[in-house]
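Both backbone and side-chain heavy atoms feed into the values below; hydrogens, waters and symmetry mates do not.
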Amino acid sequence: MKTLNLPYPRIGLVLQGGGALGSYQAGVFEGLDKRGIHPNWVGGISIGSLNCAVIAGNAPKDRVEKLKGFWETICRHPSPLAQFLMFADKMYAGSPIGMNMLNSTYIEKMFGSAAASSAVMGGQTNFFVPKPFAPGVGSPADVSFYDTSPMLATLEKFCDFDRINDPKSMRVSVGATNVRTGNFVYFDNTEMKLEPKHFLASGSLPPGFPAVEIDGEFYWDGGCVSNTPLEHFYTLGNISREDALVFQIDLWSAKGEHPTNIFEVMERQKDIQYSSRTRSGTNSIKEKQRMRKLLLDAMEHVPDSVKNQGSWYSELTRELQLDKKKFNFIQLIYQDKPSEGHFKDYQFSFETMQMHWQAGLDDMLETLSNPKCLELPPDGENYTEYDFHRAQKADHTLNRKKK
(Lines give C-alpha, C1' and ligand atoms only; values in the text may rest on other atoms or scores of the structure.)
Protein backbone atom coordinates (compact mmCIF):
# COMPACT_ATOMS: atom_id res chain seq x y z
CA MET A 1 0.00 0.00 0.00
CA LYS A 2 1.49 3.32 -1.08
CA THR A 3 1.83 6.29 1.23
CA LEU A 4 2.18 9.83 -0.06
CA ASN A 5 4.95 11.71 1.72
CA LEU A 6 3.34 14.89 3.06
CA PRO A 7 4.90 17.61 5.25
CA TYR A 8 2.23 17.32 7.95
CA PRO A 9 2.56 15.48 11.27
CA ARG A 10 -1.22 15.70 11.63
CA ILE A 11 -3.66 14.67 8.88
CA GLY A 12 -7.29 14.99 9.93
CA LEU A 13 -10.53 13.79 8.41
CA VAL A 14 -13.70 15.58 9.61
CA LEU A 15 -17.02 13.91 8.73
CA GLN A 16 -20.37 15.67 9.05
CA GLY A 17 -23.68 13.94 9.81
CA GLY A 18 -26.21 13.25 7.07
CA GLY A 19 -27.71 9.76 7.25
CA ALA A 20 -27.83 7.97 3.91
CA LEU A 21 -25.68 10.69 2.35
CA GLY A 22 -22.75 9.35 4.36
CA SER A 23 -21.69 6.98 1.60
CA TYR A 24 -20.35 10.11 -0.13
CA GLN A 25 -17.78 10.31 2.67
CA ALA A 26 -16.86 6.67 2.12
CA GLY A 27 -16.19 7.43 -1.54
CA VAL A 28 -14.05 10.41 -0.53
CA PHE A 29 -12.04 8.15 1.75
CA GLU A 30 -11.46 5.71 -1.10
CA GLY A 31 -10.10 8.65 -3.12
CA LEU A 32 -7.68 9.51 -0.31
CA ASP A 33 -6.63 5.87 -0.07
CA LYS A 34 -6.01 5.64 -3.81
CA ARG A 35 -3.62 8.61 -3.56
CA GLY A 36 -1.82 7.22 -0.52
CA ILE A 37 -3.15 9.78 1.98
CA HIS A 38 -3.80 8.18 5.38
CA PRO A 39 -5.38 10.33 8.11
CA ASN A 40 -4.10 9.89 11.66
CA TRP A 41 -7.06 11.67 13.30
CA VAL A 42 -10.70 11.11 12.37
CA GLY A 43 -13.70 12.87 13.85
CA GLY A 44 -17.36 12.60 13.07
CA ILE A 45 -20.95 13.36 13.94
CA SER A 46 -23.86 10.95 13.41
CA ILE A 47 -23.29 8.89 10.23
CA GLY A 48 -19.84 10.49 10.07
CA SER A 49 -19.03 8.87 13.41
CA LEU A 50 -20.05 5.45 12.07
CA ASN A 51 -17.74 5.93 9.09
CA CYS A 52 -15.01 6.92 11.56
CA ALA A 53 -15.53 3.68 13.49
CA VAL A 54 -15.05 1.56 10.37
CA ILE A 55 -12.01 3.56 9.24
CA ALA A 56 -10.26 3.57 12.63
CA GLY A 57 -11.32 0.02 13.41
CA ASN A 58 -9.43 -1.60 10.55
CA ALA A 59 -5.91 -1.89 9.21
CA PRO A 60 -5.14 0.68 6.47
CA LYS A 61 -5.13 -1.96 3.72
CA ASP A 62 -8.62 -3.18 4.72
CA ARG A 63 -10.45 0.12 5.30
CA VAL A 64 -12.01 0.66 1.87
CA GLU A 65 -13.15 -2.95 1.65
CA LYS A 66 -14.68 -2.79 5.14
CA LEU A 67 -16.43 0.50 4.35
CA LYS A 68 -17.98 -1.11 1.28
CA GLY A 69 -19.09 -4.08 3.34
CA PHE A 70 -20.59 -1.80 5.98
CA TRP A 71 -22.60 0.25 3.48
CA GLU A 72 -23.74 -2.79 1.51
CA THR A 73 -24.95 -4.28 4.80
CA ILE A 74 -27.08 -1.31 5.90
CA CYS A 75 -28.51 -0.39 2.47
CA ARG A 76 -31.58 -2.09 1.09
CA HIS A 77 -31.45 -3.86 -2.26
CA PRO A 78 -34.09 -2.73 -4.76
CA SER A 79 -37.72 -3.77 -4.41
CA PRO A 80 -39.72 -4.84 -7.52
CA LEU A 81 -41.16 -1.30 -7.73
CA ALA A 82 -37.69 0.23 -7.53
CA GLN A 83 -36.43 -2.17 -10.20
CA PHE A 84 -39.28 -1.12 -12.48
CA LEU A 85 -38.53 2.58 -11.93
CA MET A 86 -34.84 2.03 -12.70
CA PHE A 87 -35.79 0.13 -15.85
CA ALA A 88 -38.08 3.01 -16.88
CA ASP A 89 -35.29 5.50 -16.20
CA LYS A 90 -32.90 3.59 -18.47
CA MET A 91 -35.56 3.25 -21.18
CA TYR A 92 -36.17 6.99 -21.08
CA ALA A 93 -32.44 7.76 -21.22
CA GLY A 94 -32.11 5.70 -24.39
CA SER A 95 -35.24 6.97 -26.05
CA PRO A 96 -34.96 9.58 -28.83
CA ILE A 97 -38.40 10.89 -27.89
CA GLY A 98 -38.94 12.54 -24.54
CA MET A 99 -41.88 11.45 -22.43
CA ASN A 100 -43.88 14.56 -21.54
CA MET A 101 -44.14 14.49 -17.72
CA LEU A 102 -42.33 11.23 -17.07
CA ASN A 103 -38.78 12.48 -17.55
CA SER A 104 -35.63 11.02 -15.99
CA THR A 105 -35.60 13.37 -12.99
CA TYR A 106 -39.25 12.56 -12.26
CA ILE A 107 -38.57 8.81 -12.38
CA GLU A 108 -35.56 9.17 -10.09
CA LYS A 109 -37.67 11.14 -7.60
CA MET A 110 -40.28 8.39 -7.65
CA PHE A 111 -37.57 5.81 -7.04
CA GLY A 112 -36.09 7.86 -4.20
CA SER A 113 -39.48 8.39 -2.61
CA ALA A 114 -40.21 4.65 -2.77
CA ALA A 115 -36.85 3.82 -1.20
CA ALA A 116 -37.31 6.41 1.57
CA SER A 117 -40.85 5.19 2.29
CA SER A 118 -39.50 1.67 2.58
CA ALA A 119 -36.98 2.85 5.20
CA VAL A 120 -39.68 4.70 7.15
CA MET A 121 -42.08 1.76 7.16
CA GLY A 122 -39.68 -1.16 7.48
CA GLY A 123 -36.43 0.29 8.79
CA GLN A 124 -33.01 -0.72 7.50
CA THR A 125 -31.63 -4.19 8.01
CA ASN A 126 -28.67 -4.20 10.40
CA PHE A 127 -29.25 -0.54 11.29
CA PHE A 128 -32.68 0.28 12.73
CA VAL A 129 -36.10 -1.36 12.89
CA PRO A 130 -39.54 0.01 13.84
CA LYS A 131 -40.56 -0.44 17.47
CA PRO A 132 -43.86 -2.34 17.84
CA PHE A 133 -45.37 0.10 20.35
CA ALA A 134 -43.70 3.32 19.28
CA PRO A 135 -42.98 5.89 20.48
CA GLY A 136 -43.28 4.53 24.02
CA VAL A 137 -42.83 6.21 27.39
CA GLY A 138 -40.20 6.21 30.10
CA SER A 139 -36.55 7.20 29.98
CA PRO A 140 -35.01 8.87 26.88
CA ALA A 141 -33.74 5.41 25.89
CA ASP A 142 -37.33 4.13 25.70
CA VAL A 143 -38.94 6.94 23.71
CA SER A 144 -38.41 6.68 19.95
CA PHE A 145 -39.96 5.30 16.78
CA TYR A 146 -37.11 2.90 15.97
CA ASP A 147 -34.82 0.48 17.73
CA THR A 148 -31.15 1.02 16.78
CA SER A 149 -29.68 -1.96 18.61
CA PRO A 150 -28.99 -3.83 15.32
CA MET A 151 -26.26 -1.25 14.62
CA LEU A 152 -24.34 -2.41 17.70
CA ALA A 153 -23.87 -5.85 16.16
CA THR A 154 -23.02 -4.29 12.78
CA LEU A 155 -20.26 -2.18 14.34
CA GLU A 156 -18.89 -5.22 16.17
CA LYS A 157 -18.81 -7.07 12.84
CA PHE A 158 -16.93 -4.40 10.88
CA CYS A 159 -14.76 -2.77 13.56
CA ASP A 160 -11.89 -3.93 15.73
CA PHE A 161 -12.39 -1.91 18.92
CA ASP A 162 -8.93 -2.74 20.22
CA ARG A 163 -7.60 -0.90 17.17
CA ILE A 164 -10.09 1.95 17.66
CA ASN A 165 -8.77 2.40 21.20
CA ASP A 166 -5.15 2.72 20.10
CA PRO A 167 -4.66 6.51 19.81
CA LYS A 168 -1.07 6.00 18.66
CA SER A 169 -2.44 4.36 15.53
CA MET A 170 -5.25 6.89 15.00
CA ARG A 171 -6.96 9.46 17.18
CA VAL A 172 -10.75 9.18 17.14
CA SER A 173 -13.25 11.86 18.24
CA VAL A 174 -17.04 11.60 17.91
CA GLY A 175 -19.58 14.21 19.01
CA ALA A 176 -22.85 13.74 20.87
CA THR A 177 -25.36 15.83 22.83
CA ASN A 178 -25.99 15.35 26.55
CA VAL A 179 -29.79 15.16 26.84
CA ARG A 180 -29.86 16.50 30.40
CA THR A 181 -27.50 19.47 30.03
CA GLY A 182 -27.94 20.16 26.33
CA ASN A 183 -24.16 20.44 26.05
CA PHE A 184 -22.08 19.17 23.17
CA VAL A 185 -19.61 16.47 24.28
CA TYR A 186 -16.86 14.48 22.60
CA PHE A 187 -15.98 10.86 23.09
CA ASP A 188 -12.26 10.70 22.35
CA ASN A 189 -9.97 7.67 22.46
CA THR A 190 -7.22 9.76 24.10
CA GLU A 191 -9.52 10.27 27.10
CA MET A 192 -11.65 7.11 27.39
CA LYS A 193 -12.23 3.63 26.05
CA LEU A 194 -14.61 3.82 23.10
CA GLU A 195 -17.29 1.18 22.66
CA PRO A 196 -20.00 0.66 20.01
CA LYS A 197 -22.47 2.60 22.19
CA HIS A 198 -20.37 5.79 21.93
CA PHE A 199 -20.68 5.76 18.15
CA LEU A 200 -24.36 4.83 18.33
CA ALA A 201 -24.96 7.77 20.69
CA SER A 202 -23.39 10.16 18.17
CA GLY A 203 -26.00 9.08 15.62
CA SER A 204 -29.09 8.86 17.84
CA LEU A 205 -31.18 11.60 16.24
CA PRO A 206 -34.52 12.09 18.02
CA PRO A 207 -37.37 11.41 17.82
CA GLY A 208 -36.62 8.61 15.37
CA PHE A 209 -33.77 7.10 17.37
CA PRO A 210 -33.60 6.62 21.16
CA ALA A 211 -31.00 8.22 23.41
CA VAL A 212 -28.08 6.03 24.43
CA GLU A 213 -27.20 5.70 28.11
CA ILE A 214 -23.49 5.92 28.96
CA ASP A 215 -22.30 6.05 32.58
CA GLY A 216 -25.67 7.25 33.87
CA GLU A 217 -26.12 10.00 31.27
CA PHE A 218 -28.26 9.93 28.11
CA TYR A 219 -26.94 11.12 24.76
CA TRP A 220 -28.51 12.12 21.46
CA ASP A 221 -27.04 12.84 18.04
CA GLY A 222 -24.31 15.49 18.07
CA GLY A 223 -26.17 17.22 15.24
CA CYS A 224 -28.71 18.47 17.79
CA VAL A 225 -26.06 21.08 18.69
CA SER A 226 -23.53 21.07 15.86
CA ASN A 227 -23.29 18.80 12.86
CA THR A 228 -19.55 19.16 12.37
CA PRO A 229 -16.60 18.38 14.69
CA LEU A 230 -14.37 21.03 13.12
CA GLU A 231 -14.28 23.18 16.28
CA HIS A 232 -13.00 20.25 18.32
CA PHE A 233 -10.26 19.61 15.80
CA TYR A 234 -9.07 23.17 15.76
CA THR A 235 -9.72 24.56 19.24
CA LEU A 236 -10.35 21.82 21.76
CA GLY A 237 -8.02 19.40 20.02
CA ASN A 238 -5.20 21.97 19.81
CA ILE A 239 -4.57 21.04 16.20
CA SER A 240 -3.08 24.52 15.76
CA ARG A 241 -0.07 23.31 17.79
CA GLU A 242 1.34 21.31 14.87
CA ASP A 243 1.37 21.62 11.09
CA ALA A 244 -1.92 20.10 9.97
CA LEU A 245 -3.73 19.08 6.83
CA VAL A 246 -7.48 18.68 7.43
CA PHE A 247 -10.10 17.32 5.05
CA GLN A 248 -13.64 18.34 5.96
CA ILE A 249 -16.34 16.34 4.18
CA ASP A 250 -19.79 17.87 4.48
CA LEU A 251 -23.10 16.41 3.35
CA TRP A 252 -25.31 19.52 3.43
CA SER A 253 -24.87 22.74 1.50
CA ALA A 254 -25.92 25.96 3.23
CA LYS A 255 -26.39 27.69 -0.11
CA GLY A 256 -29.31 26.75 -2.35
CA GLU A 257 -32.17 27.91 -4.51
CA HIS A 258 -35.43 29.39 -3.25
CA PRO A 259 -37.96 26.59 -2.56
CA THR A 260 -41.14 26.64 -4.64
CA ASN A 261 -43.24 23.96 -2.91
CA ILE A 262 -43.60 22.45 0.56
CA PHE A 263 -41.26 19.53 -0.19
CA GLU A 264 -38.51 21.88 -1.34
CA VAL A 265 -39.11 23.93 1.82
CA MET A 266 -38.53 20.79 3.92
CA GLU A 267 -35.34 19.99 2.01
CA ARG A 268 -34.04 23.55 2.22
CA GLN A 269 -34.73 23.66 5.96
CA LYS A 270 -32.60 20.53 6.45
CA ASP A 271 -29.79 21.90 4.28
CA ILE A 272 -29.60 25.07 6.35
CA GLN A 273 -30.00 23.38 9.74
CA TYR A 274 -27.48 20.59 9.26
CA SER A 275 -24.86 22.45 7.25
CA SER A 276 -23.91 24.05 10.61
CA ARG A 277 -22.56 27.11 8.81
CA THR A 278 -19.41 25.22 7.89
CA ARG A 279 -17.94 27.86 5.62
CA SER A 280 -18.43 30.55 8.25
CA GLY A 281 -16.59 28.19 10.61
CA THR A 282 -13.64 27.94 8.27
CA ASN A 283 -13.66 31.71 7.87
CA SER A 284 -13.50 32.00 11.67
CA ILE A 285 -10.48 29.70 11.77
CA LYS A 286 -8.83 31.71 9.04
CA GLU A 287 -9.38 34.92 11.02
CA LYS A 288 -8.00 33.37 14.22
CA GLN A 289 -4.88 32.25 12.37
CA ARG A 290 -4.47 35.74 10.92
CA MET A 291 -4.80 37.37 14.33
CA ARG A 292 -2.29 34.96 15.84
CA LYS A 293 0.21 35.89 13.17
CA LEU A 294 -0.38 39.62 13.65
CA LEU A 295 0.05 39.34 17.41
CA LEU A 296 3.25 37.34 17.04
CA ASP A 297 4.62 39.92 14.61
CA ALA A 298 3.69 42.71 17.02
CA MET A 299 5.45 40.97 19.91
CA GLU A 300 8.73 41.21 18.04
CA HIS A 301 8.56 45.02 18.35
CA VAL A 302 8.03 45.13 22.12
CA PRO A 303 10.93 47.10 23.78
CA ASP A 304 13.26 45.17 26.09
CA SER A 305 12.26 47.44 28.98
CA VAL A 306 8.68 46.23 28.64
CA LYS A 307 9.58 42.57 28.04
CA ASN A 308 11.25 42.36 31.45
CA GLN A 309 8.21 43.61 33.37
CA GLY A 310 6.88 40.33 34.72
CA SER A 311 6.47 36.92 33.09
CA TRP A 312 3.63 37.86 30.74
CA TYR A 313 5.92 38.39 27.73
CA SER A 314 7.67 35.03 27.96
CA GLU A 315 4.39 33.20 28.56
CA LEU A 316 2.63 34.91 25.66
CA THR A 317 5.61 34.37 23.36
CA ARG A 318 5.66 30.69 24.22
CA GLU A 319 1.96 30.34 23.44
CA LEU A 320 2.26 32.22 20.16
CA GLN A 321 5.27 30.21 19.07
CA LEU A 322 3.23 27.06 19.60
CA ASP A 323 0.48 28.58 17.47
CA LYS A 324 2.95 29.44 14.72
CA LYS A 325 2.21 26.11 13.06
CA LYS A 326 0.60 26.00 9.63
CA PHE A 327 -2.91 24.87 8.81
CA ASN A 328 -4.10 23.63 5.40
CA PHE A 329 -7.82 23.07 5.09
CA ILE A 330 -9.47 21.17 2.21
CA GLN A 331 -13.25 21.10 2.06
CA LEU A 332 -15.74 19.09 0.06
CA ILE A 333 -19.49 19.68 0.28
CA TYR A 334 -21.75 17.13 -1.38
CA GLN A 335 -23.76 18.70 -4.20
CA ASP A 336 -27.04 16.81 -4.42
CA LYS A 337 -28.73 15.90 -7.68
CA PRO A 338 -31.90 17.76 -8.78
CA SER A 339 -33.82 14.51 -8.39
CA GLU A 340 -33.06 14.25 -4.65
CA GLY A 341 -35.65 15.56 -2.24
CA HIS A 342 -36.28 16.16 1.44
CA PHE A 343 -35.95 12.39 2.04
CA LYS A 344 -32.34 12.20 0.78
CA ASP A 345 -30.91 11.53 4.26
CA TYR A 346 -33.04 8.41 4.76
CA GLN A 347 -33.06 7.11 1.19
CA PHE A 348 -30.96 4.03 1.95
CA SER A 349 -31.30 2.35 -1.44
CA PHE A 350 -28.38 0.33 -2.74
CA GLU A 351 -28.29 2.27 -6.02
CA THR A 352 -28.35 5.67 -4.32
CA MET A 353 -25.56 4.55 -2.01
CA GLN A 354 -23.45 3.65 -5.02
CA MET A 355 -24.22 7.00 -6.65
CA HIS A 356 -23.18 8.92 -3.53
CA TRP A 357 -20.05 6.81 -3.17
CA GLN A 358 -18.99 7.43 -6.77
CA ALA A 359 -19.65 11.16 -6.40
CA GLY A 360 -17.36 11.29 -3.35
CA LEU A 361 -14.64 9.31 -5.10
CA ASP A 362 -14.80 11.51 -8.21
CA ASP A 363 -14.76 14.75 -6.18
CA MET A 364 -11.78 13.67 -4.09
CA LEU A 365 -9.73 12.50 -7.08
CA GLU A 366 -10.56 15.72 -8.92
CA THR A 367 -9.49 17.74 -5.88
CA LEU A 368 -6.19 15.88 -5.58
CA SER A 369 -5.49 16.34 -9.29
CA ASN A 370 -4.40 19.83 -8.24
CA PRO A 371 -1.12 19.04 -6.41
CA LYS A 372 -0.89 22.56 -4.99
CA CYS A 373 -3.84 21.88 -2.70
CA LEU A 374 -1.58 19.67 -0.54
CA GLU A 375 1.25 22.15 -0.15
CA LEU A 376 2.11 23.85 3.13
CA PRO A 377 1.08 27.51 3.36
CA PRO A 378 3.85 29.68 1.88
CA ASP A 379 6.45 31.45 4.03
CA GLY A 380 4.89 34.23 6.04
CA GLU A 381 1.45 32.56 6.01
CA ASN A 382 -0.08 30.13 8.50
CA TYR A 383 -3.37 29.22 6.77
CA THR A 384 -4.54 28.10 3.34
CA GLU A 385 -7.80 26.55 2.20
CA TYR A 386 -9.04 24.80 -0.90
CA ASP A 387 -12.71 24.27 -1.69
CA PHE A 388 -13.12 22.10 -4.77
CA HIS A 389 -16.69 23.06 -5.58
CA ARG A 390 -16.06 26.75 -4.96
CA ALA A 391 -12.99 26.60 -7.25
CA GLN A 392 -15.00 24.66 -9.83
CA LYS A 393 -17.74 27.32 -9.78
CA ALA A 394 -15.15 30.11 -10.11
CA ASP A 395 -13.57 28.42 -13.12
CA HIS A 396 -17.00 27.98 -14.73
CA THR A 397 -17.82 31.67 -14.19
CA LEU A 398 -14.45 32.72 -15.61
CA ASN A 399 -14.87 30.56 -18.71
CA ARG A 400 -18.38 31.89 -19.25
CA LYS A 401 -17.09 35.48 -19.11
CA LYS A 402 -14.37 34.66 -21.64
CA LYS A 403 -16.99 33.43 -24.08
Side-chain angles (χ1 to χ4, degrees), residues 6 8-19 21-33 37-56 63 67 164 167 170-176 184-190 194 198-199 202-203 221-223 225-254 274-286 288-289 327-334 360 363-364 367-368 373-374 383-390:
L6 295 172
Y8 302 95
R10 177 67 71 186
I11 300 177
L13 180 63
V14 181
L15 304 179
Q16 196 181 68
L21 301 173
S23 53
Y24 176 83
Q25 296 169 340
V28 166
F29 182 82
E30 182 180 7
L32 291 173
D33 185 74
I37 299 174
H38 306 292
N40 52 27
W41 188 358
V42 294
I45 304 294
S46 197
I47 196 66
S49 72
L50 301 183
N51 281 330
C52 285
V54 180
I55 292 169
R63 287 169 181 162
L67 276 171
I164 285 177
M170 179 177 286
R171 185 172 179 179
V172 182
S173 309
V174 295
F184 197 56
V185 298
Y186 275 97
F187 304 127
D188 194 298
N189 67 350
T190 63
L194 298 182
H198 291 97
F199 296 91
S202 179
D221 193 303
V225 176
S226 174
N227 202 33
T228 175
L230 180 61
E231 180 183 0
H232 181 69
F233 266 61
Y234 183 76
T235 306
L236 303 179
N238 292 324
I239 202 168
S240 60
R241 302 303 176 91
E242 53 191 344
D243 291 339
L245 170 66
V246 174
F247 296 88
Q248 169 139 335
I249 316 304
D250 290 354
L251 302 175
W252 306 89
S253 177
Y274 293 124
S275 66
S276 289
R277 296 175 57 82
T278 299
R279 280 184 171 140
S280 66
T282 59
N283 290 337
S284 175
I285 292 174
K286 182 178 181 179
K288 288 177 181 178
Q289 287 291 92
F327 186 87
N328 185 4
F329 182 84
I330 297 177
Q331 183 173 26
L332 285 176
I333 302 177
Y334 171 63
D363 284 354
M364 191 73 261
T367 297
L368 297 177
C373 74
L374 298 174
Y383 179 91
T384 55
E385 66 178 49
Y386 182 79
D387 186 323
F388 164 64
H389 288 109
R390 183 181 287 173

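Remark: L32 CG to I249 CD1 distance equals 6.5 Å, nearest 0.5 Å. A distance of 8.5 Å separates CD in Q16 from CD in Q331, rounded to the nearest 0.5 Å. Taken to the nearest 0.5 Å, the CD1 atom of I330 stands 8.0 Å off from the OG1 atom of T384. Taken from SG in C52 to CG in L15, the straight-line distance is 4.5 Å, to the nearest 0.5 Å. Here the OG atom belonging to S253 is positioned 5.5 Å from the CD1 atom belonging to I333, to the nearest 0.5 angstrom. Going from atom CD of Q248 over to atom CG of D387 covers 10.5 Å, rounded to the nearest 0.5 Å.
Using a 4.5 Å cut-off on side-chain heavy atoms (C-beta onward), D243 and P9 make contact. By the 4.5 Å heavy-atom criterion applied to side chains, N227 and W252 are counted as neighbours. Using a 4.5 Å cut-off on side-chain heavy atoms (C-beta onward), C373 and L368 make contact. Under the 4.5 Å side-chain criterion, counting only non-hydrogen atoms from C-beta, R171 is in contact with T190.
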**Message:** Applying side chain to side chain contact (heavy atoms under 4.5 Å, CB included) to L251 and I47, what does each step give before you reach the verdict?
**Reply:** CA-CA 10 Å; L251 302 175; I47 196 66; 4.0 Å; yes
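Ring-plane geometry between F329 and F327 is classed as parallel, the angle between the planes falling under 30 degrees on a 0 to 90 degree scale with a further cut at 60.
Residues G175 and F184 share a closest heavy-atom pair of CA-CZ, 4.1 Å. Of all non-hydrogen atoms in S46 and D221, the two that sit nearest each other are OG-OD2, 2.7 Å. In this structure, A56 and V42 approach most closely via the heavy-atom pair CB-CG2, 4.3 Å. Pairing each heavy atom of S275 with each of A254, the nearest pair is OG-CB, 3.4 Å. Of all heavy-atom pairs spanning L245 and L374, the tightest one is CD2-CD2, 3.9 Å. S173 and W41 get closest at one heavy-atom pair: OG-NE1, 3.0 Å.
Under the side chain to side chain contact (heavy atoms under 4.5 Å, CB included) criterion, S49 pairs with V174, F199, S202, sequence neighbours left out. Annotation: side chain to side chain contact (heavy atoms under 4.5 Å, CB included) contacts of A176 (sequence neighbours excluded): V185, F187, Y219.
Side chain of D33 to backbone of R63: no donor-acceptor contact under 3.5 angstrom is found.
Side-chain atoms of D363 and Y24 include a donor-acceptor pair closer than 3.5 Å.
With F247 as reference, I37 is the one residue of I37, L332, V14 to meet the side-chain contact (heavy atoms from CB on, under 4.5 Å) rule.
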